[in-house]
Amino acid sequence: MIKSIQIIVLVALSNGLFAQMHYVPQTFSTPYGNITTHQAIYTPMYYGNYGGPANSKFELIVILKNDSIFTFKSRFEAENKKMFVLQKQKKIKRKIFPSETKEIIAYSKLYGRMKGIPADSCWYFKVTSGALNSFACIPVTDRTMAAAIQLGNDGPIIPLTKKNLEEITGSEDPKIVKWLKQNKFSKIIDYYNEKQLVNPSGSQ
């Protein structure tokens, strides 16, 4: 369940870019109303209108909030900081945004079948499963493209940042400390999950 955290992906429109910043707003409830802060996060691959293997066309099953079901092919694109898929029927084109959907299922020969969880401005596709889950905003299995994480299956989905990751993993392990400095977040997630399998309680 995604409650107070919303991921907004800001996509650069230059076709030559292979890296980007996306902006993660975090909203906190207070007795005086909601407070929203923004943090820029580096994403190692380009999520926008790029036709390479990172964002080729996918076969999609889209389930809308009114339970309508559509099947079509589309890339994952973006405008005004919101991701969308483009449904084409004859000469009619329709942009479908995450907030309109209950679920999206994407299939490609390269990545197989992946289910997307709708957030406010993108879909979450799980790329790592374990004690610590990670999610990308397009249906790929590349762990380095993760943009969000979740502790367990019931925790909130939060931005994948150095601070958030360190709060979960701690900073006592020398390997984690080294990888945090090098921004090797996917290695940390895999390592943390392996340690949890061996020692689920976290005790020494």
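- Distance CE/M114 to CZ/F125: 7.0 Å, rounded to 0.5 Å.
- Of all heavy-atom pairs spanning G130 and N133, the tightest one is N-OD1, 3.0 Å.
- The two residues L165 and L160 have their closest heavy-atom pair at CD2-CD1, 4.2 Å.
- The minimum heavy-atom distance linking A148 with Y124 is given by the pair CB-CE2, 3.9 Å.
- More than 12 heavy atoms of other residues, nucleotides or ligands sit less than 6.0 Å from atom NZ of K162.
- Contact check for I188 versus L180: side-chain heavy atoms found under the 4.5 Å cut-off.
- Applying the ring pair (Phe, Tyr, Trp, His ring centres under 6.0 Å) rule to Y192 yields no partners; only residues at least two apart in sequence or on another chain are considered.
- Across every non-hydrogen atom of V127 and T141, the tightest pair is CG1-CA, 4.1 Å.
- Residues passing the side chain to side chain contact (heavy atoms under 4.5 Å, CB included) test with F70 are L64, S68, F72, Q87, R94, sequence neighbours excluded.
- Applying the salt bridge (charged side-chain N to carboxylate O under 4.0 Å, His left out) test to every pair with at least one member in residues 177-194, sequence neighbours left out, gives these pairs: R143-D190.
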Take T71 and L60 through the test side chain to side chain contact (heavy atoms under 4.5 Å, CB included) and record every step on the way to the result.
CA-CA 5 Å; T71 59; L60 302 175; over 6 Å; no
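- Inter-residue side-chain proximity for T161 and E166 is flagged as unmet; no heavy-atom pair is nearer than 4.5 Å.
- Of all heavy-atom pairs between L86 and S74, the closest is N-OG, 2.8 Å.
- With rounding to the nearest 0.5 angstrom, the NZ atom of K91 is 15.0 Å from the CD atom of Q89.
- Remark: the backbone N or O of G116 is not paired with any side-chain donor or acceptor of K126 at under 3.5 angstrom.
- For the side chain to side chain donor-acceptor pair (under 3.5 Å) test, residues two or more places apart in sequence or in another chain that qualify with E79 are K95.
- Nearest heavy-atom pair across F58 and P139 is CE2-O, 3.4 Å.
- With hydrophobic clusters built from ILVMFWY side chains whose heavy atoms lie under 4.5 angstrom apart, I117 does not share a cluster with I105.
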Hey, mind stepping through W123 and T101 against side chain to side chain contact (heavy atoms under 4.5 Å, CB included) and telling me if it holds?
CA-CA 10 Å; W123 291 274; T101 66; 3.1 Å; yes
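- Considering only heavy atoms from C-beta on, N164 comes within 4.5 Å of P159 through its side chain.
- At a cut-off of 3.5 Å, with distance as the only test, a side-chain donor of D173 or Y191 sits close to an acceptor on the other residue.
- Distance CZ/F97 to CG/D120: 11.5 Å, rounded to 0.5 Å.
- Applying the side chain to side chain donor-acceptor pair (under 3.5 Å) criterion to S186, with sequence neighbours excluded, gives no partner residue.
- The structure places CD of Q150 at 9.0 Å from CG of L132, a figure rounded to the nearest 0.5 Å.
- Side-chain contact between I69 and I61 is present, with at least one heavy-atom pair separated by less than 4.5 Å.
- Residues F84 and I96 have side chains not in contact (no heavy-atom distance under 4.5 Å, counting atoms from C-beta outward).
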Applying side chain to side chain contact (heavy atoms under 4.5 Å, CB included) to T169 and K195, what does each step give before you reach the verdict?
CA-CA 10 Å; T169 64; K195 286 185 66 177; over 6 Å; no
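- Members clustered with V177: none, using a 4.5 Å side-chain heavy-atom cutoff among hydrophobic residues.
- Side chains of I138 and R75 form no contact here, defined as non-hydrogen atoms less than 4.5 Å apart.
- Rounded to the nearest 0.5 angstrom, S171 OG and I176 CD1 are separated by 8.5 Å.
- Residues V85 and F76 are in side-chain contact: their nearest non-hydrogen atoms beyond the backbone lie under 4.5 Å apart.
- Contact of the T128 side chain with the N193 side chain is registered, since non-hydrogen atoms from C-beta on lie closer than 4.5 Å.
- Taking CD from E59 and NZ from K73, the interatomic distance works out to 5.0 Å, rounded to the nearest 0.5 Å.
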